[in-house]
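Here the structure is laid out as structure tokens; the discussion comes afterwards.
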Amino acid sequence: MALERTLAILKPDCVRKQLIGEVLRRMEAAGFRICALHMQHLSRARAEGFYAVHRDRPFFGSLVEFMISGPCVPLVLEKENAVEDFRTVIGATDPAEAAPGTIRAAHADNKGENIVHGSDSPANARTEIAYFFGDLSAD
């Protein structure tokens with residue numbers, strides 16, 4: 001199996017709760033290599049652009065408001081089967097449904113503030129990585 005990359009975003013609730021180090025530790029313990037990372041405070045336009053796929057969904061407005069409420073940490077992770085494995089490590093979007101031991105089960109408050117974003121497919125991972133890190137997805 002070839003190495004694969006995925007995008008993760010430590011969301012504003014993760015930063016606010018001072019969990020950056022803990023979540024990064026868990027990622028590395030799960031075998032992921034961090035290829036790129038930076039902290040930024042998303043503008044409304046940047047958040048709306050990233051989540052444009054959800055523009056017509058009822059939660060779009062609250063998602064954008066949440067994502068611009070404080071700094072976040074986009075990062076690129078690499079390992080074999082990165083997308084699927086990372087989705088397993090973070091758990092279900094709703095922490096009440098997340099498996100015990102997952103990041104969201106341990107740290108998320110609710111479905112809207114769920115600590116971390118993870119790409120849902122290799123194709124979306126490439127697009128999302130490019131959104132935050134330019135051509136890094138091709139390295």
Side-chain angles (χ1 to χ4, degrees):
M1 190 177 287
L3 286 177
E4 186 176 78
R5 287 185 173 173
T6 192
L7 181 84
I9 303 174
L10 305 184
K11 295 181 178 183
D13 55 334
C14 183
V15 175
R16 227 179 347 268
K17 292 178 173 185
Q18 299 182 323
L19 291 170
I20 295 170
E22 169 60 16
V23 174
L24 293 176
R25 183 197 65 74
R26 291 179 68 154
M27 291 173 184
E28 289 184 321
F32 292 92
R33 184 174 78 85
I34 298 170
C35 300
L37 171 149
H38 65 266
M39 182 180 280
Q40 68 179 97
H41 198 134
L42 295 178
S43 67
R44 178 175 302 282
R46 194 95 166 114
E48 287 176 347
F50 183 73
Y51 288 108
V53 66
H54 299 303
R55 186 170 303 280
D56 295 329
R57 312 246 346 237
F59 60 82
F60 178 75
S62 61
L63 174 60
V64 169
E65 289 301 320
F66 169 59
M67 290 303 294
I68 67 172
S69 70
C72 64
V73 182
L75 61 147
V76 178
L77 300 172
E78 181 179 76
K79 76 177 278 206
E80 290 184 7
N81 203 39
V83 172
E84 185 178 330
D85 286 0
F86 189 61
R87 305 276 305 169
T88 299
V89 168
I90 62 177
T93 302
D94 184 343
E97 298 172 5
T102 62
I103 291 170
R104 288 175 172 156
H107 300 294
D109 292 330
N110 57 61
K111 191 174 181 178
E113 295 189 13
N114 61 13
I115 299 291
V116 63
H117 165 87
S119 301
D120 63 2
S121 72
N124 283 344
R126 287 187 291 278
T127 300
E128 292 176 352
I129 289 168
Y131 193 83
F132 286 102
F133 294 97
D135 209 18
L136 184 65
S137 61
D139 286 351

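Below, all heavy atoms of this structure are taken into account, side chains as well, without hydrogens, waters or symmetry copies.
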Quiz item: Is it the case that more than 12 heavy atoms not belonging to Arg57 sit under 6.0 Å from its CZ atom?
Solution: no
Quiz prompt | Heavy atoms of other groups near Glu113 CD, more than 12 under 6.0 Å | solution = yes
Quiz item: Does some side-chain heavy atom of Arg16 sit less than 4.5 Å from a side-chain heavy atom of Ser69?
Solution: yes
Quiz prompt | Ser119 side chain to Leu7 backbone, donor-acceptor under 3.5 Å | solution = yes
Quiz prompt | Rounded distance (nearest 0.5 Å) linking atom NZ of Lys79 with atom CD of Glu28 | solution = 12.5 Å
Self-check item: Inter- and intrachain pairs under ring-ring contact (aromatic ring centres under 6.0 Å, His included), touching residues 78-108, at least two apart
Solution: Phe32-Phe86
Self-check item: side-chain contact (heavy atoms from CB on, under 4.5 Å) involving Thr88 - partner list, sequence neighbours excluded
Solution: none
Self-check item: Glu128 CD to Arg5 CZ distance, which is reported to the nearest 0.5 Å
Solution: 15.0 Å
Quiz item: Closest heavy-atom contact between Ala8 and Val116?
Solution: CB-CG2, 4.5 Å
Quiz item: What pair of heavy atoms forms the shortest contact from Met27 to Leu75, and how long is it?
Solution: SD-CD1, 3.8 Å
Quiz item: Looking at Lys11 and Asn114, what are the two nearest heavy atoms and their distance?
Solution: NZ-OD1, 2.7 Å
Quiz item: Below 4.5 Å, heavy atoms only, C-beta onward: do Arg33 and Leu3 meet side chain to side chain?
Solution: no
Quiz prompt | With Asp13 via salt bridge (charged side-chain N to carboxylate O under 4.0 Å, His left out) - residues at least two apart | solution = none
Quiz item: If you group Ile, Leu, Val, Met, Phe, Trp and Tyr by side-chain heavy-atom gaps below 4.5 Å, do Leu77 and Ile20 land in one group?
Solution: yes
Exercise. Treat each ILVMFWY residue as a node, draw an edge where side-chain heavy atoms are under 4.5 Å apart, and state whether Leu10 and Met39 are in one component.
Key: yes
Practice problem: Indicate, with yes or no, if Val83 and Ile129 share a hydrophobic cluster defined by side-chain heavy-atom contacts under 4.5 Å among Ile, Leu, Val, Met, Phe, Trp and Tyr. | Solution: no
Quiz item: Donor-acceptor pair, Glu4 side chain versus Ala82 backbone, under 3.5 Å?
Solution: yes
Self-check item: Pairs involving residues 38-53, ordered by first then second residue, that meet side-chain hydrogen bond (donor to acceptor under 3.5 Å, both in side chains) (sequence neighbours left out)
Solution: His38-Gln40, Arg44-Glu65
Quiz item: Can you get from Ile115 to Leu37 by hopping between Ile, Leu, Val, Met, Phe, Trp and Tyr side chains that sit under 4.5 Å apart?
Solution: yes
Quiz prompt | salt bridge (charged side-chain N to carboxylate O under 4.0 Å, His left out) against Glu22, all qualifying residues, sequence neighbours excluded | solution = Arg25
Practice problem: Check whether any side-chain heavy atom of Thr6 lies under 4.5 Å from a side-chain heavy atom of Glu84, and answer yes or no. | Solution: no
Self-check item: Contact list for residues 55-74, test ring-ring contact (aromatic ring centres under 6.0 Å, His included), sequence neighbours left out
Solution: His54-Phe59
Practice problem: Output all residues satisfying ring pair (Phe, Tyr, Trp, His ring centres under 6.0 Å) with Phe132, sequence neighbours left out; order by chain, then residue number. | Solution: Phe50
Exercise. Tell me, please, which residues at least two apart from Lys17 pass salt bridge (charged side-chain N to carboxylate O under 4.0 Å, His left out).
Key: Asp109
Quiz item: Of all residues at least two apart in sequence or in a different chain, which pass the salt bridge (charged side-chain N to carboxylate O under 4.0 Å, His left out) check with Asp120?
Solution: none
Quiz item: Nearest heavy-atom pair of Ala30 and Val89: which atoms, and what distance?
Solution: CB-CG2, 3.8 Å
Exercise. Could I get the full list of side-chain contact (heavy atoms from CB on, under 4.5 Å) partners for Ala92, not counting sequence neighbours?
Key: Glu97, Ala98
Self-check item: Connected via hydrophobic side-chain network under 4.5 Å: Leu19 and Leu24
Solution: yes
